[in-house]
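What follows is a single structure, written as structure tokens, with notes after it.
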Amino acid sequence: MISGLALTSQAQAQEPELIHIGGVQGSIGDDETDFSSPLAGETVRVQGVVSQLYLDSSGNQGFFLQERADATDGDPDSSDGIFVFNSSYDSLRTLYGSPAEEEIGSRWDVALGDEIVLQADVGSYYGNIQFSGGSAFVYDVVDTGLDPLEVVETVEVSPPDDADDSTRYFRRHLGMQMTVPAESVVTAGRDVFGSDGEVWAMRGDHEVAQRDGYSQRAFRDAHPLDNVPEETFDDGNGYLFVLGSFGVKATEDDPEAVIAPAKTYDVIGEATTGGVYYTFGKYTVNVAENLELEAGLEPAGNHPVEPPGRGEISVASYNIENLYDFRDSPDSGCDFEGNEGCVEEDDQVTPPFNYVPASYEAYETRMLREAEQIIDDLHGPEILMTQEGEAQDVCSVNPEWTTDSDLGADRLVCDLENAGADNEQRDGVPDSLQELALIIAELGGPEYTAVGDLDSSDTRGIMTGFLYQADRVSLAEVDADDPVFGGSPGVDYGTEADEINADVENPKALNASLPQDVLDRCTSSGVYACDGHDVFSRPTQVAKFVVEKRGRDAELYLINNHFSSGPDGRVLHRTEQAAYLAAVSSTILRHDWRANVLAGGDLNVYPRPDDPFAEGETIAGDWTGPSDQLAAMYEDSGLCNLYDTALWRQPEAAYSYTYQGQSQTLDQMWTSWWLDWAVTDVATAHINADYPADAPGEEPAYGAYGVSDHDPEVVTLNLRRLW
């Protein structure tokens, strides 16, 4: 061997050449965008040490193979390691007639610290350059019992700030062992996907991590606390890195094991090392040992919501994230496990289309946690706009229910046999929201009335809704001539209104067909994707409340929204949703320019000037950024975005969601000019996005916190200024 590499003899001239792993991975230049292997599809032989074992939640196994530190190709732009996927097996075949077969037989048991010569076909799995056990054979076992971290190079993670450069940095280390240094700072609550999890972090010596207090976090571009605040759309926060669970699963020999439940601001107490793997568009460092965390700042203490003062009320908006109940509705064939399926327009829906909880107990526990947040962290707002509650109505309140009755699942009386108008317990109120209201009262919180137009639901059965304290506010009476709630709404959008618009009711869902030029461009995915033929898959919902003080009434219009998801997908569709919402608010203001209008919800796109597409960036074809999807709201709605107020008052708290370690704002509140005079505070309760998501079978690490993926928004209003 020369420099640790066993060279090919003349007798083996027809056999694959023994090459460096770096030759398989390829050298990645500073402007490189093609990360495929230069030897894709070819059969090669490489030599390396089994540096780490791999296990995923399906029980699939594998290992990382890396050359000795003194036997690499010496090219810093090529990786010295590679991943070997081995399906459900813990051994590999030896090559017929090879030294390995002669020495150990037909199979080699995968062993950490073995140095082997491997013959395999160069493949790729969704961008991860790898070998697969089906075409891989052990040619020779060179050494055994090595300490991998003593003989291979372990690189301390240190990605550059620029996102493109960061991608190239990790690609140059794909398959290699990488060390996450102690004092690294977590930048978002642990995310969980089934039985897999991930944690985003940054080095503790990065300039952002060196900041004081709650500004010690990564913000999406176009934020005064971004690491390049002077640019509208900048480097993409490439200094972030993500830690995965595959190494922890292998070490613990448990497919259900998940990386530790980290929250934002936690500090990684001890250095930990793992292999770099590419999955779902991300390079993950799959540490072999679970994280030892030192508690950092408490995210919930970042400008928490203050209780309303004397003469004030509050209105909140809360995405309660897929609050589906554990009752099988007779109105739906795709509601529950075992259902036969259902059809929406021309698309077959395979059951269950929603997120059925594991049990009624799991469903109730979720509601208990959300109820605690509404009581303790939101301070029982007079009105609560919700998104993502299940649109199911087959139950009504048990006449025997009281706040002290302890009825559990029997707090609602349900008819699970009869569908439609024949159902004996339907009362026009979504069951999940109604049960949440009862649980809030049982815990000693306000007594809420639940309402919502069931026509605001989408195909998978979620809807917007309202909870309100009937002793503080009431629903206004509406008549057939009302410009919004009447039988012929005056919403000027330009396409045919849906039949539901003719309903005379409060609250009321509103919708219309998409413009033909948009429909002509609709595709199944990407920026041109459309979620149906209407403007909304989940119709916008309007409610008019009456606030009374000392015999004087003030009307308050609330417009509750849940736009289509994906800021950089369904761009045309979401732009039309903003235009329709603007048309609804301008209709109200056209009939009363002093109307108190508050529009909010999960808009699934960022406020100006933050945008998924930078100026000049290609969106599709000759369509370039910015996409400015909320343009109609800024220019035609008559409303102003309270995000601007929050950003000015407390920039470190101006966000409602985290994605890939970055803070961003999807949930927003907009007020009319007249109502803006009554706003005394706007705040986001940071009680979810920064806390770890729950893993299966794991008790919540932080009690009620982390029950949703969105943080609620709360607006406080001075009653004297409403009139």
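Residue numbers count from 1 along this sequence.
- For the residue pair R366 and Y324, no side-chain donor N or O sits within less than 3.5 Å of a side-chain acceptor on the partner.
- Aromatic ring centroids of Y655 and H686 lie under 6.0 Å apart.
- In this model, no donor atom of one side chain and acceptor atom of the other lie less than 3.5 Å apart for D602 and Q387.
- Within a 6.0 Å radius of CG in D147, other residues, nucleotides and ligands contribute more than 12 heavy atoms.
- Although no hydrogens or angles enter the test, the distance criterion places no donor-acceptor pair under 3.5 Å between the side chain of D161 and the main chain of G238.
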Can T251 and E289 be said to form a side-chain contact (heavy atoms from CB on, under 4.5 Å), step by step? CA-CA 7 Å; T251 299; E289 302 295 334; 3.8 Å; yes
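- The heavy-atom pair separating L666 from V605 by the smallest distance is CD2-N, 3.7 Å.
- Side chain of D80 to backbone of T72: no donor-acceptor contact under 3.5 angstrom is found.
- With a 6.0 Å radius and a threshold of 12 heavy atoms from other residues, nucleotides or ligands, E699 has its CD atom at or below the threshold.
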Should R203 and D205 be marked as a salt bridge (Lys or Arg N to Asp or Glu O under 4.0 Å) after you check the CA-CA gap, both sets of side-chain angles, and the distance that decides it? CA-CA 5 Å; R203 289 179 61 97; D205 57 4; 3.0 Å; yes
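- L92 has its side chain within reach of N86: a pair of non-hydrogen atoms, C-beta onward, lies under 4.5 Å apart.
- Under the 3.5 Å distance criterion, with hydrogens and angles disregarded, a donor-acceptor pair is assigned to the side chains of Q664 and Y606.
- Under a 3.5 Å cut-off, the side chain of S132 and the backbone N or O of G134 do not form any donor-acceptor pair.
- In summary, the aromatic rings of W200 and Y239 are positioned with their centroids too far apart to meet the 6.0 Å limit.
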Could you walk me through whether R172 and D30 pass the salt bridge (Lys or Arg N to Asp or Glu O under 4.0 Å) check? CA-CA 11 Å; R172 288 165 177 158; D30 289 345; 2.9 Å; yes
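- Formation of a donor-acceptor pair under 3.5 Å by the S79 side chain with backbone atoms of G81 is found in this model.
- Judged purely by atom type and a 3.5 angstrom limit, Q61 uses its side chain to pair as donor or acceptor with the backbone of S88.
- Between the side chain of S135 and the backbone N or O of F131, no donor-acceptor pair lies under 3.5 Å.
- Contact record, A693 with V192: O-CG2, 3.6 Å, taken as the closest heavy-atom pair.
- Under the 3.5 Å distance criterion, the side-chain polar atoms of S708 are matched with a main-chain donor or acceptor of N319.
- Of the residues listed (L240, D690, V242, N237), the one engaging T187 in a side chain to side chain contact (heavy atoms under 4.5 Å, CB included) is L240, and it is the only one.
- Salt bridge D196/K249: present, at least one basic N to carboxylate O contact under 4.0 Å.
- Side chain to side chain, S58 and N60 fail the donor-acceptor criterion of an N or O pair below 3.5 Å.
- Electrostatic pairing of R220 and D226 does not count as a salt bridge here, judged by no charged N lying under 4.0 Å from a carboxylate O.
- D221 and Q662 are not linked by any side-chain donor-acceptor pair at a separation below 3.5 angstrom, with hydrogens and angles left out of the test.
- Under the 3.5 Å distance criterion, with hydrogens and angles disregarded, a donor-acceptor pair is assigned to the side chains of R171 and Q25.
- A distance-only check finds a donor-acceptor pair linking the side chain of S37 to the backbone of L39 [under 3.5 Å].
- More than 12 heavy-atom neighbours from other residues, nucleotides or ligands sit within 6.0 angstrom of CZ on F326.
- At a cut-off of 3.5 Å, with distance as the only test, no side-chain donor of E713 or S317 sits close to an acceptor on the other residue.
- Of the possible donor and acceptor atoms, none in the side chain of T144 sits under 3.5 Å from a partner among the backbone N and O of D114.
- In this structure, the side chain of D611 does not engage the main chain of A614 through any donor-acceptor pair within 3.5 Å.
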Any chance you could lay out the side-chain contact (heavy atoms from CB on, under 4.5 Å) test for S565 and R570, step after step, and finish with the verdict? CA-CA 8 Å; S565 61; R570 296 175 178 170; 4.1 Å; yes
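- At a cut-off of 3.5 Å, with distance as the only test, a side-chain donor of H20 or E67 sits close to an acceptor on the other residue.
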Pair S432, Y363 - check side-chain contact (heavy atoms from CB on, under 4.5 Å), show working. CA-CA 10 Å; S432 60; Y363 165 59; 3.9 Å; yes
Salt bridge (Lys or Arg N to Asp or Glu O under 4.0 Å) evaluation trace for R217 with E652: CA-CA 9 Å; R217 62 182 306 128; E652 66 275 16; over 6 Å; no
Run the numbers on L293 and K263 for side-chain contact (heavy atoms from CB on, under 4.5 Å), then give the verdict. CA-CA 9 Å; L293 298 167; K263 71 178 191 307; over 6 Å; no
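- No more than 12 heavy atoms of other residues, nucleotides or ligands shown are found within 6.0 angstrom of OH on Y125.
- Between R190 and D266 there is no salt bridge, since no side-chain N of the basic residue sits under 4.0 Å from a carboxylate O of the acidic one.
- Aromatic rings from F246 and Y277 are positioned such that their centres are separated by under 6.0 Å.
- Judged purely by distance below 3.5 Å, without hydrogens or angles, the side chains of S564 and N604 never pair a donor atom with an acceptor atom.
- Checked for salt-bridge contact, R68 and E115 meet the test: a charged N lies under 4.0 Å from a carboxylate O.
- Across every non-hydrogen atom of S245 and A257, the tightest pair is CB-O, 4.3 Å.
- For Y705 and Y691, the distance between ring centers is under 6.0 angstrom.
- Here the closest heavy-atom approach between residue M367 and residue L436 is recorded as O-CD1, 3.7 Å.
- In this structure, Y54 has its ring center closer than 6.0 angstrom to the ring center of F83.
- Among the candidates Y89, F85, W108, the single residue satisfying the ring pair (Phe, Tyr, Trp, His ring centres under 6.0 Å) test with F63 is W108.
- Centroid-to-centroid, the aromatic rings of F35 and Y278 stay 6.0 Å apart or farther.
- With hydrogens and angles left out, the side-chain atoms of S195 and S57 include no donor and acceptor closer than 3.5 Å.
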Derivation of the ring-ring contact (aromatic ring centres under 6.0 Å, His included) call for Y214 and Y265: CA-CA 8 Å; Y214 288 106; Y265 304 115; 5.4 Å; yes
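- Aromatic ring pairs are classed by plane angle as parallel below 30°, tilted from 30° to 60° and perpendicular above 60°; the pair H173 and Y169 is tilted.
- Side-chain contact, Q130 with N128: a donor N or O sits under 3.5 Å from an acceptor N or O.
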